[in-house]
2 protein chains.
Amino acid sequence: MSTHYTTPAVSVDIVLLTLKNQSLHVALHQRQQDPFSGALALPGGYIHTEEDTDLEATAKRVLQQKTGLTPRYLEQLRCFAGPVRDPRGWSVAISYVALIPLEALEQSGNGIFHFFAVDALPALAFDHAAQIQSAVQRVRNKSSYSTLPCWLLPEAFTLTELQRTYEQIFGETLSRGTFRSRLGIKVSDVAPGEAADDAQLLIATDAMKGGAQRPARLFKVNQLGLFRRAWW
Amino acid sequence: MSTHYTTPAVSVDIVLLTLKNQSLHVALHQRQQDPFSGALALPGGYIHTEEDTDLEATAKRVLQQKTGLTPRYLEQLRCFAGPVRDPRGWSVAISYVALIPLEALEQSGNGIFHFFAVDALPALAFDHAAQIQSAVQRVRNKSSYSTLPCWLLPEAFTLTELQRTYEQIFGETLSRGTFRSRLGIKVSDVAPGEAADDAQLLIATDAMKGGAQRPARLFKVNQLGLFRRAWW
DNA sequence: GTAATAGTGTCTGTAAGACATTATTTA
DNA sequence: TAAATAATGTCTTACAGACACTATTAC
């Protein structure tokens, strides 16, 4: 190991995203300590080398401690590092993106976080604004060719609810026929409760969601699946 | 800062890729020190907090020291971390992908590195095999929808040379007509030496490359540009 | 019946991919 | 002339996107 060079501080920050009021929101809390005491910041923490088996474990532990929840989706974003992002000196932050449905957060009864629309952020501590921007870009991009948005919904959802989710992520509306053909789904053909193969994006359940109109089939996500072609 | 938890060691590793013998090759050197003394490994180094302005600067400095070169393309891949990847304990490696034409490496007369085909790797130190696999996946994926492969060629190249580069990255051949329409280029229409707009992927030079046949127009890359649709 | 949303079918434009054809050089 | 590669055009298929139509519930 290097001897005559200072080791930079290493931490993990989490961009926890959810859908609220028809748009992407990020979870922020008010810092209680310096630096940036009083400022809004992302949840984050240090690696506990005795217990954390990898960085994902660190991220999960931090979220568990602060929300009591495990996110439905968790993915490493990238490292942010340098001498100026933290006034205490050279630091490395490994940034994670987490997705969770708003219902889960509300049921946890957690009062630490406030949610802010990602397209209208207040001033933030450290380089957290850049981390959020980068995370949103990743989510929007990955949503354009995959089933990523499923993890912003509860486990079972209707196709229309899923379409609304895509629309809220992109901020624009889609054609229903196009949306369903991209998913490769004809509701009348699907057999509930089976996953034919890995290429199948969604799994039909045997439950329906009714309202004051024709009931809709409920689906679950099979896995993080890719569309044939990208969307743009 | 955390007090009663050990700070993990932080380093930067570089997956330096080039094209050799019709396929992607990675630069490896033989380690002189423990751990893994004698084993093949990626170039890497520690952060110098006094001089490095960010992680990209660290990566560039390490490459400069070991090859005397600045790569044509450099991008952060992701972090690899955990208690077992380095026998000395919990460590964090930030992995970078670098692209460079083989000619540049050969001209530098550097003797440290050996090049290995990425699809037939020997045993490697640390988790470097996983880093390489991840880097190759990133390069293949990004090549399917962008001008990334241009940075594996010298500054000026013909369209056929570029097509061969794509083919060598993917390991399969392409149709020439399709390739050119994806690039949006009709050679007879282009005006040398101008960049009409940012959407223009390549810039025509006024030079031609001749052989025992009709000479071909030489092009330069404009910027990292995206195709309209992905390729798969 | 109406209102409301679920689900499907049809048409059009664009682009990928295969392949044939023309163009321009050297020998 | 032949050989070799550059460059372009044509045809087919596939899919995104728009939009219209039918289906099934509550009231």
Side-chain angles (χ1 to χ4, degrees), chain A residues 141 143-147 153 156-167 170-192 199 201-220 225-232, chain B residues 143-147 153 156-167 170-192 199 201-219 225-232:
Chain A
N141 186 44
S143 296
S144 73
Y145 61 83
S146 79
T147 50
L153 287 170
F157 48 81
T158 68
L159 295 185
T160 301
E161 286 167 349
L162 183 58
Q163 183 175 344
R164 294 284 169 272
T165 303
Y166 277 89
E167 291 172 341
F170 294 126
E172 52 189 62
T173 60
L174 305 168
S175 150
R176 199 163 37 164
T178 304
F179 180 72
R180 284 160 191 246
S181 66
R182 291 290 318 263
L183 290 172
I185 288 178
K186 251 178 47 183
V187 177
S188 57
D189 285 356
V190 297
L201 303 179
L202 302 183
I203 299 172
T205 72
D206 50 10
M208 308 289 280
K209 176 164 184 171
Q213 73 290 329
R214 175 172 174 176
R217 173 72 64 184
L218 285 166
F219 287 82
K220 293 187 300 184
L226 306 181
F227 300 141
R228 302 203 202 208
R229 310 212 99 82
W231 220 336
W232 47 56
Chain B
S143 295
S144 73
Y145 61 83
S146 77
T147 50
L153 287 170
F157 47 82
T158 69
L159 295 185
T160 301
E161 287 167 349
L162 182 58
Q163 182 174 345
R164 295 283 169 271
T165 304
Y166 277 90
E167 291 172 341
F170 295 125
E172 51 190 64
T173 59
L174 306 168
S175 152
R176 198 159 43 159
T178 303
F179 180 72
R180 284 160 191 247
S181 66
R182 292 287 321 260
L183 290 172
I185 287 178
K186 251 175 51 180
V187 177
S188 57
D189 284 358
V190 298
L201 302 178
L202 302 183
I203 299 172
T205 71
D206 52 7
M208 307 289 281
K209 177 164 186 170
Q213 72 291 329
R214 175 173 174 175
R217 172 73 63 184
L218 286 166
F219 287 83
L226 306 181
F227 299 142
R228 302 202 202 211
R229 312 211 97 84
W231 220 335
W232 46 55

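Reminder, nothing fancy here: chain letters follow the sequence lines and each chain counts from 1.
- Side-chain proximity of B:Thr178 to the nucleotides C:dG7, C:dA16, D:dT8 is greatest for C:dA16.
- Taken from CG in B:Leu183 to CZ in B:Phe219, the straight-line distance is 8.5 Å, to the nearest 0.5 Å.
- OP1 or OP2 of D:dG9 sits under 4.0 Å from a side-chain N or O of B:Lys186.
- In this structure, B:Phe219 atom CZ and D:dA6 atom C1' are separated by 11 Å, rounded to whole Å.
- Between D:dT5 and B:Thr160, no contact under 4.0 Å exists linking OP1 or OP2 to a side-chain N or O.
- Between B:Ser181 and C:dG17 there is no side-chain N or O to OP1 or OP2 distance below 4.0 Å.
- For the atom pair B:Met208 CE and B:Arg217 CZ, the distance stands at 5.0 Å (nearest 0.5 Å).
- Distance CZ (A:Phe179) to P (C:dT8): 14 Å, rounded to an integer number of Å.
- Between A:Arg164 and A:Glu161 no salt bridge is recorded (no basic side-chain N to carboxylate O distance below 4.0 Å).
- In this structure, CZ on B:Arg182 lies 12.0 Å from OG on B:Ser175, to the nearest 0.5 angstrom.
- As rounded to whole Å, 14 Å separates atom P of D:dA6 from atom CZ of B:Phe157.
- Taking side-chain N and O atoms only, B:Arg182 has no distance below 4.0 Å to OP1 or OP2 of C:dA15.
- Here B:Ser188 lies in heavy-atom contact (under 4.0 Å) with sugar-phosphate atoms only.
- Rounded to whole Å, the distance from CE on A:Met208 to P on D:dT24 is 10 Å.
- Protein atom OH of A:Tyr166 is 17 Å distant from nucleotide atom C1' of D:dG17, rounded to whole Å.
- Between B:Leu174 atom CG and C:dA18 atom P there is a gap of 9 Å when expressed in whole angstrom units.
- Put simply, the side chain of B:Leu202 does not reach to within 4.5 Å of the side chain of B:Val190, judged on heavy atoms.
- Taken to the nearest 0.5 Å, the CG atom of A:Leu218 stands 7.0 Å off from the NZ atom of A:Lys209.
- Looking at heavy-atom distances under 4.0 Å, B:Arg180 makes contact with a base.
- Side-chain contact between B:Thr205 and B:Pro192: absent, with no pair of heavy atoms (C-beta onward) separated by less than 4.5 Å.
- The shortest distance between the side-chain N/O atoms of B:Ser175 and the OP1/OP2 oxygens of C:dC19 is not below 4.0 Å.
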Distances under 3.5 Å between nitrogen or oxygen atoms of protein and nucleotides 23-27 of chain C:
unit_1: C:dA23; atom_1: N3; unit_2: B:Arg214; atom_2: NH1; d: 3.2
unit_1: C:dT24; atom_1: O4'; unit_2: B:Arg214; atom_2: NE; d: 3.4
unit_1: C:dT24; atom_1: O2; unit_2: B:Arg214; atom_2: N; d: 3.4

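- Between C:dT8, C:dA18, C:dG7, one nucleotide has an atom nearer to the side chain of A:Arg176 than all others, and that is C:dG7.
- Taking atom CD of B:Gln163 as the reference point, atom C1' of C:dA16 lies 14 Å away to the nearest angstrom.
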